[in-house]
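Only a predicted model underlies this, so the values are computations on that prediction, with no experimental measurement involved.
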Amino acid sequence: MSPVKHLYNRVDTWLRELPPGAYAVFYGAAGGVGVLLVGLLLSQELLVVQALMMALVLFSLELVFGINQPTTED
């Protein structure tokens, strides 16, 4: 197994084991940082506001709907 695939599998396993609240925080932060980085490359205005709003929206949606969290059905 390549080192990159091994690292991906470890990170994927770690993320799947997070509780829903912590996963939502991670998801929102990752989205906000992504918007911030792309905005820096494109040099847009109101960059911090856009990044914070994206982080807040992704956090809220993930926390409420939990799309990426596995369900446990007994």
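Linking Ile, Leu, Val, Met, Phe, Trp and Tyr whenever their side-chain heavy atoms come within less than 4.5 Å puts Leu18 and Val11 in one cluster. Leu36 and Leu56 fall into different hydrophobic clusters, where Ile, Leu, Val, Met, Phe, Trp and Tyr side chains are chained together by heavy-atom contacts under 4.5 Å.
When hydrophobic residues (I, L, V, M, F, W, Y) are linked wherever their side-chain heavy atoms come within less than 4.5 Å, the members clustered with Leu63 are Val25, Phe59. The other residues sharing a hydrophobic cluster with Leu37 are Val33, where clustering joins ILVMFWY side chains under 4.5 Å apart.
Atom OH of residue Tyr8 and atom OG1 of residue Thr13 lie 9.5 Å apart, to the nearest 0.5 angstrom. To the nearest 0.5 Å, the span separating NZ on Lys5 from CG on Asp12 amounts to 10.0 Å.
Residues Val35 and Met54 come closest through the heavy atom pair CG2-CG, 3.5 Å.
Ring-plane geometry between Tyr27 and Tyr23 is classed as parallel, the angle between the planes falling under 30 degrees on a 0 to 90 degree scale with a further cut at 60.
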